[in-house]
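Each residue takes its place number in the sequence, starting with 1. Note that the structure is predicted; figures quoted are calculated from it, not measured.
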Amino acid sequence: MSEPTGLAVQRSSSRGRRRKLKAILAGGIVLGLGATITLAAWNDSEYATGTFTAGTFSMEGSTNGTTYAEHPTAGTAAALTFSTGFGDISPGDVVAAPFAVRLTAATTYDATVTVASASPAPPAFVGLTYGIATVPAFADCSATPTTPTWIVAQGTPLNSVAGAVPFNLTQGTPPTTPGAPVNLCFVVTAGGTLVQGTSVTETWQLLAESV
């Protein structure tokens with residue numbers, strides 16, 4: 001049995017108003033929440049710091065095997081003490097001088113050392129050649145060194161370091177002490193072209209590089 005048209009329209013209109021009301025309320029709830037909730041801004045931090053200190057690296061030498069000092073420039077070069085006769089040398093003579101090198105106390109790296117240069121003055125001097133060997137002890141240096149390991153071959157011209165072989169130095173243990181020394185033996189030989197009355201000053205550079 002069908003409802004009267006007016007009643008049906010009234011009920012349909014009522015349902016429409018309820019749906020609209022629900023939509024408005026729902027919209028109101030959403031708007032209400034959006035208007036009243038504030039997201040808190042939470043912050044936290046972590047900090048890290050680091051201090052960087054450069055290591056220490058230095059080499060020193062000794063002409064007597066006991067007293068060490070640094071000789072960092074040609075102008076402050078250590079004066080080697082050659083064996084008897086170096087001041088009155090003649091063809092066929094061989095003279096030698098010991099020199100010990102080590103890393104200073106507080107050095108924090110090992111080193112590789114190379115004979116980097118040999119500079120005679122006057123530069124055109126002829127008649128002398130040299131060689132450098134490492135020897136077990138300071139006293140083992142002589143014209144015929146004891147158990148030599150040649151790092152510059154005998155017969156090398158005074159102005160050459162051709163074929164020089166590096167050697168190693170180790171830092172002290174503990175690092176607050178000097179490293180173990182390496183004993184060098186400089187051997188100079190006079191040849192037949194040596195001119196009497198002439199003189200030459202030879203300066204060698206030992207270059208240490210940290211490893």
Can a donor-acceptor pair be found, under 3.5 Å and without considering hydrogens, that links the side chain of [X] to the backbone of [Y]?
X      : Y      : value
Ser160 : Pro157 : no
Asp140 : Ala137 : yes
Thr203 : Ala74  : no
Thr73  : Thr76  : yes

Are the side chains of [Y] and [X] in contact, using a 4.5 Å heavy-atom criterion?
X      : Y      : answer
Leu169 : Val101 : yes
Glu70  : Thr104 : yes
Leu158 : Thr129 : no
Val115 : Ile151 : yes
Phe186 : Leu184 : yes
Tyr130 : Trp204 : yes
Ser199 : Phe125 : no
Val211 : Tyr109 : no

Are a donor atom and an acceptor atom from the side chains of Thr108 and Gln171 found within less than 3.5 Å of each other?
no

Residue pair Arg102, Glu60: steps toward the side chain to side chain contact (heavy atoms under 4.5 Å, CB included) verdict
CA-CA 6 Å; Arg102 69 185 185 183; Glu60 59 187 0; 2.7 Å; yes

Work out which heavy atom in [X] is nearest to a heavy atom in [Y]; give both atom names and the distance.
X      : Y      : value
Pro120 : Val200 : CB-CG2, 3.9 Å
His71  : Gly61  : CE1-O, 3.5 Å
Thr177 : Thr173 : OG1-N, 3.6 Å
Asn183 : Ala100 : OD1-CB, 3.7 Å
Ala208 : Phe57  : O-CE2, 3.7 Å
Val95  : Gly85  : CG1-C, 4.1 Å

Kindly compute the distance separating CG (Asn159) from OG (Ser117), expressed to the nearest 0.5 Å.
11.0 Å

dist Thr56:OG1 -> Leu103:CG (nearest 0.5 Å) comes out at 11.5 Å

Is atom CD of Gln205 surrounded by more than 12 heavy atoms (other residues, nucleotides or ligands) closer than 6.0 Å?
yes

Residue pairs passing the disulfide bond (SG atoms under 2.5 Å apart) test with at least one member in residues 171-211, sequence neighbours excluded, are Cys141-Cys185

In one Ile/Leu/Val/Met/Phe/Trp/Tyr side-chain cluster, 4.5 Å: [X], [Y]:
X      : Y      : answer
Ile132 : Phe138 : no
Phe99  : Val182 : yes
Val161 : Val165 : yes

Go through Leu194 and Leu128 one step at a time and tell me if the side chain to side chain contact (heavy atoms under 4.5 Å, CB included) criterion holds.
CA-CA 7 Å; Leu194 185 67; Leu128 296 180; 4.2 Å; yes

Could you list who else is in Trp150's hydrophobic cluster, with ILVMFWY side chains joined at under 4.5 Å, directly or through other members?
Val94, Val187

Residues at least two apart in sequence or cross-chain that pass side chain to side chain donor-acceptor pair (under 3.5 Å) with Gln154, listed by chain then number, are none

